[in-house]
Each structure stands twice: as C-alpha cells, then as structure tokens.
Protein chains: 2
Amino acid sequence: MNSHIKYNEWLIVEDGFNPENNLASESIFSLGNGQMGQRANFEEKYSGETLQGNYIAGVYYPDKTRVGWWKNGYPEYFAKVLNSTNWIGISVRIDDEELDLSSCKVLDFKRVLNMHEGYLERTFKAKLNSGKVVRVRAKRFLSIVDAEISAIRYSVTPENFNGNINFELYLDGNVKNQDSNYNEKFWDEVSRHSGKGEGYVMVKTKKLDFHVCTGMKYFVEKNGEIQDVKPIVNDREKYVANSIDIKVKKDEKIVIYKYASSLSSLNYSVENIMEKTVEVLDKAIDKGFDNLLEEHAKAWIEKWEESDIIIGGDIAAQQGIRFNIFQLNQTYTGTDERLNIGPKGFTGEKYGGSTYWDTEAYALPFYLNTAGAKIARNLLLYRYKHLEKAIENATKLGFKDGAALYPMVTMNGEECHNEWEITFEEIHRNGAIAYAIYYYINHTGDKTYMTDLGLEVLIGISRFWSQRVSFSTDKNKYVILGVTGPNEYENNVNNNWYTNTIAVWTLEYTLEALSYVNNVAPDKYNKLLDKLNFDSEKETKHWKDIVKNMYFPYDEKQKIFLQQDGYLDKKQIVAAELDPDIRPLNQHWSWDRILRSCFLKQADVLQGIYFFEERYDIETIKRNFKYYESRTVHESSLSACIHSILAAKTGDIDKAYELYLRTARLDLDDYNKEVAEGLHITSMAGTWMAIVKGFGGMRVHNGKLCFNPMIPEQWENYSFSIKFRGRSLIIGVTKNEVKINNRSDKNVSVVIFGNEDKLPGYGEKVFQKE
Amino acid sequence: MNSHIKYNEWLIVEDGFNPENNLASESIFSLGNGQMGQRANFEEKYSGETLQGNYIAGVYYPDKTRVGWWKNGYPEYFAKVLNSTNWIGISVRIDDEELDLSSCKVLDFKRVLNMHEGYLERTFKAKLNSGKVVRVRAKRFLSIVDAEISAIRYSVTPENFNGNINFELYLDGNVKNQDSNYNEKFWDEVSRHSGKGEGYVMVKTKKLDFHVCTGMKYFVEKNGEIQDVKPIVNDREKYVANSIDIKVKKDEKIVIYKYASSLSSLNYSVENIMEKTVEVLDKAIDKGFDNLLEEHAKAWIEKWEESDIIIGGDIAAQQGIRFNIFQLNQTYTGTDERLNIGPKGFTGEKYGGSTYWDTEAYALPFYLNTAGAKIARNLLLYRYKHLEKAIENATKLGFKDGAALYPMVTMNGEECHNEWEITFEEIHRNGAIAYAIYYYINHTGDKTYMTDLGLEVLIGISRFWSQRVSFSTDKNKYVILGVTGPNEYENNVNNNWYTNTIAVWTLEYTLEALSYVNNVAPDKYNKLLDKLNFDSEKETKHWKDIVKNMYFPYDEKQKIFLQQDGYLDKKQIVAAELDPDIRPLNQHWSWDRILRSCFLKQADVLQGIYFFEERYDIETIKRNFKYYESRTVHESSLSACIHSILAAKTGDIDKAYELYLRTARLDLDDYNKEVAEGLHITSMAGTWMAIVKGFGGMRVHNGKLCFNPMIPEQWENYSFSIKFRGRSLIIGVTKNEVKINNRSDKNVSVVIFGNEDKLPGYGEKVFQKE
C-alpha cells in the first residue's frame with residue numbers, strides 16, 4: 001500500500017508532505033461533480049512536480065492523429081477532454097517571498113478527501129526561507145447541487161511575524177494538455193475582463209469552437225470581518241487577476257473565499273455565457289461558502305444512502321470500496337445524456353477522457369442499480385444518438401447496408417483511436433453495446449426501450465456481425481478472422497472465443513427482439529424496417545445460418561473453450577511461475593514476447609462466461625476458471641473484478657477475496673505505479689460488481705432479483721443498496737444471515753439462495769444462510 | 001506508361017514541361033555516384049512542386065521516434081539519410097525578373113538522362129513575363145571517377161534582347177528532410193566562408209556530429225571566353241553566394257561552370273575537411289568540365305561493359321532494364337563496406353535511406369555477378385561488422401547467450417523501425433542474412449569467408465532461431481509463433497511457412513558450416529567456439545532436434561505449402577476477380593480488411609521455393625506457383641521479380657514476361673503512383689534477376705555455372721554479362737541458339753540445358769536450343 005495514505009472509513013488522508021507522490025496524490029484527491037473535475041493541485045504556486053488539471057465534461061479537442069506509420073482507415077484525430085482555465089489559483093507572497101511548498105520547509109502537511117461530504121481539505125505550516133511561518137488551511141468543493149459552482153476557502157495565519165501578505169487571485173487560461181500530440185495549445189482567447197473583485201476569461205478551442213467562460217468573484221476576511229480590499233487589477237492574454245495587499249499581525253487569520261464558475265457553449269449560447277457566468281457567481285456569493293458547502297454535503301450524504309457499501313471488520317476494504325463509489329459518483333451523474341464515463345474520469349489526461357466499451361461492459365450496472373434506470377437509460381441513449389456515426393464508421397471500413405461499428409474510443413460518435421490492432425480489430429466492443437441493451441431491459445423491465453430505440457441499434461450491430469464473419473470452406477463453419485479480444489495481449493487472432501460468442505449472441509438477441517417488436521408494436525416494427533431497408537427474410541435467414549454454424553475454438557481433451565485458434569500452440573506456463581521481477585509484463589517484455597506468450601491481460605473466455613453464465617454448467621465454469629485464471633496476469637484494470645465474480649460463483653471465496661482486494665485498492669495502493677496519470681474510474685464499477693454480483697451473488701432472472709450471498713472470512717458483515725424497478729433495497733450480510741430491507745412502499749419479490757420470497761413495502765426479512 | 005517519358009535505348013527523355021509530373025521526374029532523372037545522390041531539381045529557382053534533395057551516403061540523423069502508442073522495445077530513433085547542402089543552386093535574374101519555370105512560359109523543355117555516359121541534361125526556352133526569351137542548357141554529373149566532384153555547365157542565351165543577367169551561384173545548407181518526424185532541421189552551421197569565385201558551408205548534424213563541408217568554385221564564359229567577373233559576395237546562416245552581373249546582347253551565350261564538392265567527417269578529420277574541399281575543387285578546376293565529363297563518361301561505358309543487358313526487338317523492355325541497371329550502379333559501388341543500398345537509393349527520403357533485408361534477398365546477386373566478388377563481400381562485411389549490435393538488439397528483446405537478431409532497418413546496426421508487427425515480428429530477415437552467406441560462397445567458391453567471418457554470424461543467427469521457436473505440446477512439433485512474413489499483408493501469424501523454412505535451413509546450414517570449419521581449420525574453429533562460449537554438444541543437439549521436428553503448415557488436399565496457420569480459413573478469391581477500382585488494395589481497403597483477406601503483397605511460399613528450389617520437384621513448384629500467384633496482388637515492389645523467375649522455371653514464359661514487364665518499368669511507368677517519393681532501387685536488382693535467373697535460367701550448382709535460357713516471344717534476342725570466379729562471360733540468346741563468350745583468359749565450365757561444356761579462355765561457343 002501507499003504508506004502515506006492512511007486507512008480510514010470515510011476519509012482519504014495523506015499525512016506528511018510527499019513531493020515524490022504528489023502527482024499520484026493529485027489524482028487520488030481529485031474532485032468532480034459530473035460536469036467538471038479538478039485534480040488536487042495546490043492553490044498557491046508549486047514549482048515541484050505537478051499536473052495542473054481542470055477538465056470540463058463534454059468539451060473536447062480533435063487533436064491531430066500522431067502515428068509512426070499511417071494505415072488506411074485511421075481517423076484524423078483523437079478527441080481529448082480539455083485541460084481548461086485554471087480557476088483555483090491564489091498566489092501568496094509573504095513580504096518579499098512567494099509561498100511555494102517546493103522551496104520552503106513544510107510542516108504538518110495533511111491532505112484530506114472527505115468522501116462523506118465531498119470536499120478536499122489541505123492544511124500545512126510553511127516555514128519560509130525568511131524564517132517566517134504561516135499556517136494555511138484550504139478547503140474546496142465542486143458543488144453537486146449546483147454543478148456550475150466551485151468554491152474555495154483559503155486561510156493564511158502568520159505564526160511568528162507581522163507583515164504584508166499579497167494575494168493574487170487569478171484565472172489562467174494559458175494551459176496545455178500534457179498529452180497534446182504536437183505540443184500545441186488548444187485554446188484561443190475570445191475576451192477577458194478583469195474588475196475589482198472579479199475576473200472573467202473567455203476562451204475557445206482552436207477547432208470545433210467550444211467556448212468556455214470562466215469567472216471568479218471573491219471576499220476577503222480578517223479575523224472574521226470582511227475587508228474592503230483595494231485590489232490591483234492585472235491581466236494579460238488568457239489571464240486575469242486581482243492583486244491584494246493585506247497587512248497582518250501574528251496570529252491574525254486572513255480568509256479568502258473564492259467562487260468560480262466555468263460555463264460552456266455546450267449549455268449556453270456564446271452570446272449569453274458571460275452574462276450567465278456573472279449570474280452564477282452572484283448566486284454563489286449570495287448563498288455564501290458555508291451554505292453552499294452544507295447543501296453540497298447534504299446531497300453527498302443522500303448519494304451515499306443510495307450507493308454506500310458498508311463492510312464491517314476490514315477497514316482497508318471499506319475505504320477501498322467507498323473510494324471507488326465516491327469517484328464513480330464524482331465522474332458521472334447521468335443527468336446529461338451527451339456525457340459518458342472516461343476511463344480516468346476527470347483525474348488525468350490519459351485515454352483522452354473519451355468513451356470506451358468500459359461503459360457498457362463494466363460501468364452500467366453500478367449506475368443502474370444505485371442511481372436508477374433513468375440514468376442508465378441515458379448511457380444507452382448516448383450510443384443510440386451515435387448510431388449514425390457508427391454506421392459511417394463501418395462504411396469507412398468497407399461495410400455496407402447500414403452495418404454499424406461503434407468506435408473503440410469516442411467523444412462524439414466518431415472513432416478516435418489509431419492503433420490498427422485495436423481500432424479496427426477490437427470489434428467485440430460492438431457486442432458489449434448490444435449486451436448493455438439486454439442488461440438494461442433485463443434489470444429494468446423497460447421493454448419500451450427495445451421497441452422505441454434498442455432494436456434499431458441491434459439491427460445495425462447485427463448487420464455488422466453478419467458481414468464481418470466469413471465462411472471457411474476448410475472448417476465448413478463461419479469464422480471471424482483478424483480480431484483482438486478484450487485480452488489485448490494478442491492481436492490479429494482468428495476465432496477469438498469471446499468475440500465469436502458475443503457476435504452470435506447479438507444475432508440471436510436481435511432475432512428475438514425483432515419478433516418481440518413485431519408482436520407488440522407491429523406499426524413501429526414496419527416503420528423501422530422500412531426506414532432501415534431491412535429485408536427481413538433474407539437478412540434473418542443469413543443470421544440464423546451464422547448462429548447455427550459458427551465455429552468456436554474448443555479443446556476436447558481439457559474440455560475448455562479456447563481463447564482463440566492456436567492458443568494451445570503456445571508454451572503453457574502459469575502466471576504463478578513468473579519471476580516477480582518481470583511483472584508487470586508490459587513494463588518488462590517487448591511486445592512480441594507478450595503476444596506469443598500464453599499470458600492474458602484479462603481472460604476473454606471468462607468475460608464471456610461472466611456475460612452468459614446461464615449457458616454453462618458449474619463444472620464447465622470451474623474448469624475454464626481454473627485454466628484461465630492461472631494464466632491471467634491482470635494487467636488490465638478490468639480483469640480482477642470479473643475473475644472475482646466468477647471465483648465467488650464457483651464457491652472459491654478466498655480467491656474471490658484476493659481478486660477483490662486487487663481491484664478495490666488498485667489506485668489507493670497504486671499497484672501498477674501509474675496513478676500519477678489518473679485513476680481507473682471504470683474499473684471501480686467492476687469493484688462494486690465484485691461485491692454486489694460476486695459476494696452478494698445478485699442476478700436478475702425472469703424479472704426477479706436473486707441473491708446468493710457469501711461473506712469473506714475477513715469480514716464481519718457487509719451491506720449494499722440496490723435500486724430495482726422502483727424499489728430500493730438494502731441487503732445486509734453477516735456470517736450467518738442475510739437481511740433484506742425494502743425501503744420502498746411497494747412489494748418486491750426476491751429469490752434468496754434459490755427460494756422466492758416476497759417483501760412487503762418497507763418490509764424487512766432475515767434469511768438464515770445455508 | 002508515363003506518356004511524357006519517351007522510349008529510347010540509352011536515354012530517358014522527358015519531352016515538354018510537365019509540372020504535374022515534376023516530383024516524379026525529379027526521382028526518375030536522379031544522379032548518383034555511390035557517394036552521393038542528387039534529385040533532378042532545377043538549378044534556377046522553381047516555385048512549383050519540388051523536393052529539393054541531395055543526399056550523402058553514410059551521413060544520417062537519428063530522428064526521434066514518432067509513434068501513436070509506445071510499445072516496450074521500440075527504438076528511440078529512426079536513422080535518416082540527410083538532405084544536405086544544396087550545391088546546384090544558380091539563381092538567374094534577367095534584368096528585373098527572376099527566371100522561374102513556374103511563373104513564365106516554358107517552350108521546348110526537354111530533360112534527358114544519358115544512361116550510357118551518366119549525365120543529366122536539361123534544355124528549354126523561357127519566355128518571361130517581360131517578353132524576353134532566353135535559351136538555357138544545363139548539364140551536370142556526379143563523377144564516378146572522382147566521387148568527390150560534381151559539376152554543372154549552365155548556359156543562358158538571350159534570344160530577343162540585350163540586357164543584364166544576374167547570376168547568384170550559391171550553396172544553401174538551410175535544408176530540411178521532408179520526412180523529419182517533428183518538422184525539425186537536422187543541421188547546425190559550423191562555419192562558412194564566401195570569397196570571390198568560391199564559397200564554403202560547413203554544417204554538422206545536431207546529433208552524432210557528422211560534419212559536412214560543401215564547397216563551390218566556378219568560371220564564367222561569354223561567347224567562349226572566360227570572363228573576369230566582379231562578384232558580390234553574399235552570405236547568411238548556412239548560405240554563401242556570389243552574385244554576378246553580366247551585360248549580354250542578343251544571341252551571346254553565357255556559360256557557367258560550377259564545380260562542387262561535399263566532403264564529410266566520415267572520410268576526413270573535422271580539422272581537414274575544409275582544406276580537402278579546396279583541394280578537390282582546385283583539382284576539378286584544373287581538369288575542367290569537358291575532361292571531367294569525358295573520363296566520367298568513359299568510366300560509365302566501362303561499367304556498361306560489365307553489366308549491360310541488351311534486348312533486341314523490345315525497346316520498352318530494353319529501356320526498362322538499362323534504367324534499372326543504371327540506377328543500381330548509381331546507388332552502390334561497393335568500394336566502402338560501411339555503405340549499403342537503401343530501398344530508394346538517393347532518389348527520395350522514404351525508408352530513410354537505411355538498409356533492409358532487400359540487400360541480401362534481392363540486391364546481392366546483381367552486384368556479385370556484375371561488379372564482382374569483392375564488392376559482394378563488402379555487402380557481407382557490412383553485416384559482419386554489425387553482429388555485435390545484432391546481439392544487443394536480440395538482447396533488448398529478451399534473447400540471450402549471443403543470439404543475434406539483425407534489425408529490420410538500420411544505418412549503423414541498431415534497429416530503427418518502430419512498427420511492432422514489422423520491427424519485432426518480421427524476423428525472417430535474419431534468415432536472409434544467413435542465406436546471403438550461402439549465396440556468396442556458392443557463387444564465388446570463397447570458403448575462407450565461412451572460416452574467417454561467416455560462421456560467427458551464422459552461429460548468432462542460429463542461436464536466435466533456436467530460442468525463438470517454441471515447442472507446441474498440442475502439435476508435438478516446434479512452432480514459430482507471432483511473426484510477419486515477407487507478405488506484410490498479414491501480421492502476427494503463427495507458423496509462417498517461409499519463416500519456419502528459412503529458420504530450419506539456417507540451422508542446417510550452420511551445422512554444416514560448423515563441421516566444415518572444424519575440418520579445414522580446427523584452430524580457428526576452437527578459437528571461435530571459445531570466443532562465443534559455444535557449447536557444441538548441447539547447442540547442436542537442440543538445433544538438430546528443431547530441424548527434425550519443425551512444423552510446416554501444409555494442405556494435404558491441394559498438396560500445397562500453406563502461407564501460415566489458418567490461411568485456408570480465409571475466403572479464397574483470386575486477384576483477377578478483384579474490381580480494378582479497388583487496386584492497389586493498400587490505397588483502398590482499411591488495414592484489417594487487407595489482413596483478413598487471402599491476398600498477398602508478395603507470396604512467401606514462392607519466396608521460399610525460389611531460395612530453396614532444389615528441394616522441390618517441378619510439380620510441387622507448379623502447384624504452389626499456380627495457387628499463390630493467383631492470390632498475389634504484387635503491391636510489394638519485391639514481388640513480381642520472384643514470381644517472374646518461378647514462372648520461367650515452370651516453363652510459363654508468357655507469365656514470366658508479363659511479370660518481368662511489371663518489375664522492369666515499375667518506376668518509368670509509375671505503376672503505383674508513388675515515384676514522386678523516389679525510385680524502387682532494390683527491386684531493380686530483382687528485375688536484373690528476372691532476366692538472368694528467370695529467362696537466362698542461370699544457377700550455380702556444384703561450383704558450376706548453369707543456364708537454361710528461354711526467350712520471350714516479344715524479343716528477338718537478348719544478352720547479359722556475368723562475372724563468375726574470375727571469369728567474365730557474355731551470354732547471348734536468340735530464338736534458336738545460345739552463344740556464350742568467355743571474355744577472360746581462363747577456362748570455364750558451363751552447364752547448358754543440363755550438359756556440361758568447357759569454354760577455353762577467350763573462347764566462344766554456340767549451343768542450339770532444344
């Protein structure tokens with residue numbers, strides 16, 4: 001573990017100043033409210049290692065593609081969420097010396113992320129080179145009640161001197177994405193305004209014309225009294241500031257309240273943004289810091305009611321899962337269906353903040369079961385709205401007649417990724433988007449989604465699969481050649497079992513859906529088929545033929561599904577035999593060595609079994625789990641959670657627990673030494689699943705919520721909350737019993753350990769474990 | 001064909017001004033002398049499309065790698081031959097107007113490459129916007145007698161006016177590689193000197209400290225009389241010039257003789273370069289343009305004696321093969337074993353001018369049989385000297401104990417290429433380097449090469465193969481996983497037949513070589529084994545086991561070798577069925593579509609059969625040829641020549657001719673619309689082979705030269721020259737007979753159509769065709 005991060009149930013605490021971990025801490029202590037995110041950078045100047053990062057959801061830049069060797073079909077750009085105007089800045093000059101933790105002595109440094117109430121607090125004492133000592137306390141939050149408001153309370157107290165303190169409160173739009181492909185800045189200034197007590201910077205992106213106006217207002221108090229400061233106004237390109245001098249005596253406390261807002265043309269017309277920004281800031285000033293924080297904290301506490309998981313007797317696990325839930329709720333709130341969940345949320349720049357298959361395959365269940373069906377539906381709508389672009393994307397790659405290939409990475413529906421083995425070949429993502437429709441409807445019962453929107457997406461995806469398969473006269477079967485599975489440690493393989501499986505499943509599910517919609521809404525059905533030029537007889541005949549005659553690699557001897565054709569030609573070694581010095585493999589082995597080894601980044605066969613477990617008997621699951629888990633190095637953050645769920649499914653609770661811990665504290669303990677780049681947000685949803693679906697054994701069968709709870713030896717008890725079809729349940733598990741509490745006024749049927757039971761509204765039942 | 005390039009036996013003629021073809025013509029009309037090369041840029045200003053290019057052999061720049069997504073093992077840089085100081089520049093200002101063919105009316109433009117005598121001549125009339133007309137004749141060459149001297153004769157004659165002509169003769173080091181990864185310039189100025197009648201620019205590379213000094217001296221004549229011009233000296237960073245005003249009357253001819261030299265720290269100490277440059281220029285001035293050109297032309301005529309191929313009755317074929325031979329001789333002279341043959345020679349920047357497997361697999365036979373054994377040996381020495389780096393390269397990729405992997409692309413022995421599927425996986429190149437040793441010894445009989453140097457290289461390569469194979473318990477055979485064959489239209493395949501074949505062959509050949517050296521030179525043998533820590537018993541036992549138990553993909557039904565595992569799962573279509581509109585595929589299909597199609601860029605199985613034809617009966621060759629030729633789209637410039645040779649071998653002379661034409665006029669006719677980037681130099685050696693080994697049927701068996709000549713219907717006769725073990729032969733083929741002329745004073749045994757015969761010194765024999 002990171003020894004400077006302390007165990008605590010509700011707090012993440014960094015005790016002591018650790019410049020060598022600063023980049024990682026900036027990620028871990030990030031704040032976000034679904035609309036924007038802010039890394040835990042310091043308000044005052046810091047000349048040490050830092051990645052100043054403030055990102056606004058939905059505002060991105062199409063950064064010109066950089067490749068070594070261009071391949072036909074590559075996209076022109078990679079969309080990147082933008083590092084935007086720095087709004088936290090407060091430079092502090094004490095007499096003649098600027099406060100900079102990198103160049104003075106730092107005492108009693110503490111950074112605390114209060115997950116329960118959603119704020120970040122930092123306290124320290126700094127002994128300057130002059131010998132002067134100041135005490136600083138900085139607290140900030142991005143409101144989740146009004147997501148346009150951010151606020152900072154920044155206090156400075158001289159401990160051993162009287163003197164002058166100069167504060168420069170600023171906004172600085174002169175920022176750059178660290179991951180800029182050609183080291184370019186993405187913003188141009190549109191206008192700026194700097195007045196006494198306020199400042200505004202309006203910038204727009206060099207391409208796409210996103211406008212963002214960032215504004216600030218502030219107050220200064222000394223010893224609790226508001227000061228009438230005489231600011232000097234400074235500005236230069238993309239930069240506005242107020243400079244304030246305050247005379248202080250020893251132990252007098254100066255407190256600055258800085259309010260900021262960043263509004264964008266995503267939500268306002270360019271003409272109105274500035275005016276709106278002023279309005280928001282006035283509203284913030286009116287309410288004041290304490291009131292704003294109070295309503296914000298209250299909202300967080302309510303969020304926890306819906307999504308908390310309590311673990312008794314294992315504080316590391318408790319902190320881990322809360323950290324995961326906290327970050328998920330900071331990243332995506334589901335209120336805007338144009339937004340989605342970047343693999344690193346707003347905590348870093350890697351992966352560009354764009355949308356991956358992670359959303360459908362890993363993140364959806366968390367939001368569905370904690371935030372509710374409407375929010376999950378917004379995730380589906382995101383893809384529905386991108387259907388046309390997915391068809392364009394497939395067309396570019398040579399498919400036709402309405403075949404849709406959703407992009408590997410996207411911001412607006414267009415493909416961004418440019419590594420052929422992933423961009424063109426990791427087509428399994430298309431299956432996950434179909435699977436999310438199934439998952440959503442199975443959990444919510446909202447079949448209107450299928451009738452109104454889902455079927456259209458399914459037809460596009462199925463058309464893709466039906467063109468992407470080819471018929472092998474050698475095998476006398478359909479095959480899928482040249483793909484990369486979720487296990488990115490093999491590229492351009494033939495007949496990846498998972499890809500073949502999800503392709504066939506999509507075709508089957510679409511066939512079902514066609515007949516369902518035809519039955520319940522024949523008018524809509526006919527209208528859709530017309531719109532899509534769908535030749536029902538011909539197309540479905542071909543699909544059925546594929547379903548019937550698809551090839552799946554299988555080893556008769558060991559009775560296991562095979563990762564892909566030729567997998568058994570690899571030298572078979574288990575991961576436990578690997579020298580720990582060469583792990584993670586991707587930092588020690590050249591790429592070709594990884595490719596030809598049997599080791600898996602994540603196990604595709606297990607991903608498939610996880611999705612479609614009802615098709616396989618428990619012995620089959622056990623055999624495959626044993627075989628593939630031993631060959632998996634879990635160098636994908638998305639791996640351990642699925643393995644943990646399957647370990648639980650097979651009854652191997654110790655293994656499930658081991659894998660749970662790996663996923664739950666991945667970032668807090670920085671297993672892979674990469675947290676500096678940002679957190680693994682989407683895999684955090686997998687951690688949630690490892691408890692709810694793994695230990696809790698939650699499934700939905702035939703519209704009924706089922707549980708098969710077990711509890712790791714290390715835990716005394718645990719509980720989690722679930723929203724399900726208008727109900728809200730708390731499931732508490734101890735060593736001996738399972739308690740289910742129905743928090744809604746409606747009945748709910750649950751199946752516990754295979755036995756169905758009914759809970760009345762507000763009812764509670766205790767089930768003895770078998 | 002390119003309609004603006006005229007058919008001619010000895011000349012390449014561009015008649016008329018074609019700005020739209022200028023980039024391509026600049027490539028086609030390039031000059032080179034093995035030490036440097038110059039694209040056919042204009043001396044005077046040209047504001048139209050041009051790639052100003054002047055490249056010096058052996059002087060390169062390690063340009064920082066550019067990739068989209070970094071993979072472990074990628075090299076830090078790509079070495080690039082450098083675009084160097086422009087030495088041809090002569091700006092011409094007629095009264096107030098600068099001569100620029102892009103902005104005036106161009107009449108009677110002609111560009112002639114005289115291949116027989118090795119010079120470039122350009123003539124035109126230009127009608128300026130002022131209405132003034134000048135006649136210009138520019139002739140230049142890069143001496144092959146003294147490769148440090150370049151010379152230009154540039155004449156201007158006013159046709160309809162009296163006036164002032166200003167000439168600015170300059171050197172300009174302010175040049176940039178068009179293919180610079182980060183748009184950087186690679187040169188810094190060290191010093192410059194500009195005097196009356198001369199100028200010098202010394203630059204050095206920003207990395208590696210290559211110094212190049214370029215100097216110029218000149219004369220001016222009017223109506224045949226040397227003028228005492230009063231130059232004004234101009235200079236600025238990296239630029240020196242003499243500006244000369246000359247009063248002229250209508251029909252007076254001004255002739256400028258400009259001599260230039262570019263010497264580098266590759267051959268001179270930095271302190272001496274400048275002095276040496278002056279010396280070279282003085283020598284040039286002393287000899288004078290006409291004498292220099294005369295000795296240069298004479299040397300070219302001698303070169304043609306050694307390497308010419310004469311084709312009767314087919315001028316397109318004649319011009320094609322001469323153009324190929326001319327460019328090969330311009331690119332590499334074999335006098336400096338530090339140099340090698342870039343795929344584009346000095347005619348463009350693509351592929352960086354670095355060394356590829358093309359040298360061993362395609363270029364070696366041409367130089368061996370026309371320039372002689374010593375020069376071929378230098379090509380082998382180049383790799384011998386890189387052995388240590390090849391071992392380092394393998395070590396970086398995880399191999400050990402002296403395993404050597406030669407780089408895919410290199411300048412100094414280090415790997416430059418950064419595309420994992422090629423860099424890490426196109427390991428067959430290692431086999432070609434072993435094969436070249438075999439080929440050289442088989443042709444020359446120079447077995448000392450094996451004893452002294454060859455065996456050491458072979459052991460390094462064999463150690464690589466023995467570690468790179470793995471044992472498949474599933475197949476109970478050795479396999480080679482995760483490779484790319486010469487057919488780069490599939491990546492990361494298992495058991496590429498060609499790679500498996502050449503790997504096993506290398507092991508066998510190394511085993512043979514070990515026992516040979518042990519027999520003939522046991523001391524050297526023991527010393528070498530000692531040096532290499534070679535555990536003879538253990539290592540050779542493992543090698544023999546691999547030789548015995550290697551897996552080769554084979555189709556029992558069709559009795560053909562298989563390109564790779566899974567090849568028959570692909571949809572089998574023949575190239576003839578492809579819509580011409582989608583060819584070349586690599587410009588129309590996205591990469592994944594190419595990968596999963598059955599189409600081959602070049603056919604690996606045929607490459608293997610070509611190398612090892614004596615192992616296969618003619619029916620096997622025919623079956624495989626038929627199968628793979630029909631699936632090959634020849635989008636590699638290295639493809640058609642091998643197919644042509646095999647077509648001839650199987651007796652299909654029409655197919656052989658069709659494929660020969662495709663390779664011979666690839667650049668002159670710009671089949672693939674890419675000549676603007678430079679010529680396909682290495683494939684030109686394949687064209688030579690298509691005649692000598694294809695139609696001529698030349699082979700060496702048991703130390704004897706064998707021929708099985710045939711002649712395409714379209715030809716009346718053809719003849720080629722061959723150097724062989726101290727002999728020099730001309731083989732002339734007509735419809736009915738084969739005439740062999742021994743130009744040396746020694747006997748030579750030849751096998752014609754399977755019958756051995758002896759030719760005495762200076763003897764000639766005629767054989768009737770069967």
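For clarity, every value in this text was computed on a predicted model and none was experimentally measured.
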Nearest-0.5 Å distance, [atom1] of residue [X] to [atom2] of residue [Y]:
X	Y	atom1	atom2	answer
Asn494(A)	Lys570(B)	CG	NZ	7.0 Å
Trp591(A)	Trp420(B)	CH2	CH2	7.5 Å
Asn181(A)	Arg66(B)	CG	CZ	10.0 Å
Asp592(B)	Asn72(A)	CG	CG	10.0 Å
Asp569(A)	Lys475(B)	CG	NZ	3.0 Å

Taking the side chain as everything from C-beta on, heavy atoms only, tell me whether [X] gets closer than 4.5 Å to [Y].
X	Y	answer
Leu595(A)	Glu425(B)	yes
Asn492(B)	Glu490(A)	yes
Asn418(A)	Trp69(B)	yes

- prompt: Between Thr473(A), Leu481(A), Ile594(A), which shows the greatest number of heavy-atom pairs under 4.5 Å with chain B?
  reply: Leu481(A)
task: List the atom of Gly73(B), the atom of Ser590(A), and the distance in Å for their closest heavy-atom pair.
output: CA-CB, 4.3 Å
Heavy-atom cut-off 4.5 Å, strictly under: side chain, backbone, both or neither for [X] against chain B?
X	answer
Tyr551(A)	neither
Arg593(A)	side chain
Asn183(A)	neither
Glu421(A)	side chain
Tyr567(A)	neither
Trp589(A)	backbone

- prompt: Picking from Val493(B), Thr423(B), Val67(B), which has the most non-hydrogen pairs under 4.5 angstrom with chain A?
  reply: Val67(B)
- prompt: Looking at Asp555(B), Asn491(B), Asn586(B), which one has more heavy-atom pairs under 4.5 Å with chain A than the rest?
  reply: Asn491(B)
- prompt: So with a 6.0 Å cut-off around CD of Gln558(A), is the heavy-atom count from everything else above 12?
  reply: yes
query: By a 4.5 Å heavy-atom criterion (distance strictly below it), what part of Lys557(B) contacts chain A: side chain, backbone, both, or neither?
result: neither
